[in-house]
Protein chains: 2
Amino acid sequence: MRRDVFQAIADPTRRAIIALIALQAMTPNTLAEHFETSRQAVSKHLKILSECDLISQEQLGREIYYKLEVEKMKDIDIWLEQFRKIWETKFSQLDDLLATIKKQKK
Amino acid sequence: MRRDVFQAIADPTRRAIIALIALQAMTPNTLAEHFETSRQAVSKHLKILSECDLISQEQLGREIYYKLEVEKMKDIDIWLEQFRKIWETKFSQLDDLLATIKKQKK
DNA sequence: TAAATATGAAACTATATGGTTGCAAATATA
DNA sequence: TATATTTGCAACCATATAGTTTCATATTTA
């Protein structure tokens, strides 16, 4: 079973969960109130997010507070870095390359 | 069928395709040489990437060159922005919140 | 102690996903 | 023109995914 950050953020409900607990740590019950799905479904999403270390939990009595491990989000940022260099270049080297190929073929 | 940028980058083969064509536009055949899977499987990945506008194509004779629409990658960057604000804060407000809850409960 | 609350796990289901093989269409080349 | 090359699409398959309902466990509260 694949279980990485990219697979974790693929699901829109999980992205919403991440955004919610980024603002404030929450219990599964409180989280579930924000969605149409069942509490158990939210729990399954929390498990997936836990398995790739995007969130951590802290038990307080019978409640479990889930919070975002925001450092892990940097993994996505690191992957984006290689493309950031390209999109910050005003003149596209790709268009340039295609133009070159076209000329060669003629 | 869901078809957004986040779902597109969830697959490791598609992330590899993106990284390859970011450097240089490529045909499906050339791309497929970089992977274990069949050319047809690569074509299916290209279709998914096309459907969410992450790539575009240009036909030259019987060859079709696929190139990255690097602007679309910014969608991911935009989503990350909300978390970047948090991870750039040295002192975690989440730990703070949990500490507050603990005190209230005592 | 008994009841209520919060949670996770198990079993099940429908659909999505990623892969394969075979084929048809378009273009280039002999 | 006949053949080779490049490509996308259809049909099929095994597995993953996201959801449900039911149940067991732990903790709080009456």
Side-chain angles (χ1 to χ4, degrees), chain A residues 1-18 20-21 24-52 54-67 98 101-106, chain B residues 1-18 20-21 24-52 54-67 98 101-106:
Chain A
M1 219 172 305
R2 237 188 311 126
R3 196 103 313 169
D4 61 41
V5 177
F6 295 100
Q7 194 263 340
I9 65 165
D11 183 85
T13 302
R14 281 197 291 271
R15 285 201 301 282
I17 289 174
I18 289 171
L20 280 169
I21 64 172
Q24 185 178 323
M26 278 191 208
T27 66
N29 257 327
T30 314
L31 266 172
E33 286 167 16
H34 292 81
F35 302 99
E36 294 295 305
T37 77
S38 67
R39 175 192 59 78
Q40 286 90 336
V42 171
S43 254
K44 283 177 78 170
H45 284 306
L46 289 171
K47 194 184 179 191
I48 289 168
L49 293 170
S50 288
E51 280 170 3
C52 63
L54 267 172
I55 64 175
S56 61
Q57 62 201 80
E58 188 147 353
Q59 186 146 2
L60 293 172
R62 63 187 164 191
E63 292 180 327
I64 297 176
Y65 283 81
Y66 284 88
K67 67 167 189 169
L98 274 173
I101 291 168
K102 276 183 190 168
K103 278 180 190 168
Q104 286 172 347
K105 296 255 164 171
K106 272 175 192 168
Chain B
M1 219 174 301
R2 237 188 311 126
R3 197 104 311 171
D4 61 40
V5 177
F6 296 99
Q7 195 264 339
I9 65 164
D11 184 85
T13 303
R14 282 198 290 272
R15 285 201 301 281
I17 289 175
I18 290 172
L20 279 169
I21 65 172
Q24 185 176 323
M26 279 190 206
T27 66
N29 258 327
T30 313
L31 265 172
E33 286 168 15
H34 292 81
F35 302 99
E36 294 296 306
T37 77
S38 68
R39 175 192 59 77
Q40 286 92 333
V42 170
S43 255
K44 283 177 78 169
H45 284 306
L46 289 171
K47 196 183 179 194
I48 289 167
L49 292 170
S50 287
E51 280 170 3
C52 62
L54 267 172
I55 64 175
S56 61
Q57 63 201 80
E58 189 147 352
Q59 186 145 3
L60 293 172
R62 63 186 162 191
E63 292 179 327
I64 298 176
Y65 283 82
Y66 284 89
K67 68 167 187 169
L98 273 174
I101 292 169
K102 276 184 191 168
K103 278 180 191 169
Q104 286 171 346
K105 297 254 167 173
K106 272 175 191 168

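Below, chain A is the first sequence line, B the second, and so on; all start at residue 1. Below, each value reflects all heavy atoms present in this structure, side chains not excepted, and no hydrogens, waters or symmetry copies.
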Exercise for the section: Take the protein atom CD1 of B/I9 and the nucleotide atom C1' of C/dT17, then report the distance between them rounded to whole Å. Expected result: 17 Å
Problem - Residues in side-chain contact (heavy atoms from CB on, under 4.5 Å) contact with B/A41, at least two apart in sequence or another chain - result: B/T37, B/S38
Practice task
Could you run through nucleotides 22-30 of chain C and give me one letter per nucleotide, 5' to 3': B if any protein heavy atom sits under 4.0 Å from the base, S if only the sugar-phosphate is that close, - if neither?
Solution key: B----BB--
Handout entry: A/Q57 CD - C/dG8 C1' separation (whole Å)
Key = 10 Å
Practice task
Working to the nearest 0.5 Å, report the span between NE2 of A/H34 and CG of A/L20.
Solution key: 5.0 Å
Practice task
Return no unless some side-chain N or O of B/Q7 is found under 4.0 Å from OP1 or OP2 of C/dT17.
Solution key: yes
Exercise for the section: Nearest 0.5 Å please: distance from the CZ atom of A/R3 over to the CG atom of A/L54. Expected result: 11.5 Å
Practice task
May I ask you to evaluate whether B/H45 reaches the phosphate of C/dT17, defined as a side-chain N or O under 4.0 Å from OP1 or OP2?
Solution key: no
Problem - Nearest-0.5 Å distance, CD of residue B/Q57 to NZ of residue B/K47 - result: 11.5 Å
Practice task
Would you indicate which nucleotide in C/dA6, D/dT7, C/dG8 comes nearest to any side-chain atom of A/E63?
Solution key: C/dA6
Handout entry: Spacing of CD1 belonging to A/I18 relative to CD1 belonging to A/I55, to within rounding of 0.5 Å
Key = 8.0 Å
Handout entry: Presence of A/S43 side-chain N/O under 4.0 Å of C/dG8 phosphate oxygens OP1/OP2
Key = yes
Fill in the blank from the handout: To the nearest angstrom, the CD1-C1' distance between A/I17 and D/dG19 comes to 13 Å
Handout entry: Those residues that, when tested against A/T13, pass side chain to side chain donor-acceptor pair (under 3.5 Å) (two or more places apart)
Key = none
Handout entry: Set of ring pair (Phe, Tyr, Trp, His ring centres under 6.0 Å) partners for A/Y66, sequence neighbours left out
Key = none
Fill in the blank from the handout: Contacts of A/S43 meeting side chain to side chain donor-acceptor pair (under 3.5 Å) (sequence neighbours excluded), chain-then-number -> none
Practice task
Rounded to the nearest 0.5 Å, what's the gap from CZ on A/R62 to CG on A/N29? Could you check?
Solution key: 10.0 Å
Exercise for the section: Specify the separation, in whole Å, of atom CG of B/D4 and atom P of C/dA16. Expected result: 15 Å
Fill in the blank from the handout: Here the distance between atom C1' of D/dT7 and atom CG of B/L46, to the nearest Å, is 11 Å
Practice task
Could you list by number each residue of residues 28-36 of chain B showing a heavy-atom separation from DNA chain D of less than 4.0 Å, or answer none if no residue does?
Solution key: B/P28, B/N29
Fill in the blank from the handout: Computed from five pairs at either end and rounded to 10 degrees, the angle between the axes of the helix from C/dT1-D/dA30 to C/dA30-D/dT1 is 10°
Problem - Interatomic distance, A/R3 CZ vs D/dA18 C1' [rounded to whole Å] - result: 11 Å
Problem - C/dG19 base / B/K44 side chain donor-acceptor hit below 3.5 Å - result: yes
Handout entry: 5' priority, DNA chain D, between A/R14 and B/K47 [closest heavy atom]
Key = B/K47
Exercise for the section: Look at B/T27 and D/dT7 and indicate whether a side-chain polar atom (N or O) is within less than 4.0 Å of OP1 or OP2. Expected result: yes
Problem - side chain to side chain donor-acceptor pair (under 3.5 Å) involving A/S56 - partner list, sequence neighbours excluded - result: A/E69
Problem - Set of salt bridge (charged side-chain N to carboxylate O under 4.0 Å, His left out) partners for B/R15, sequence neighbours left out - result: A/D4
Practice task
Return no unless some side-chain N or O of B/S38 is found under 4.0 Å from OP1 or OP2 of C/dT20.
Solution key: yes
Handout entry: B/S50: side chain to side chain donor-acceptor pair (under 3.5 Å) partners, not counting sequence neighbours
Key = none
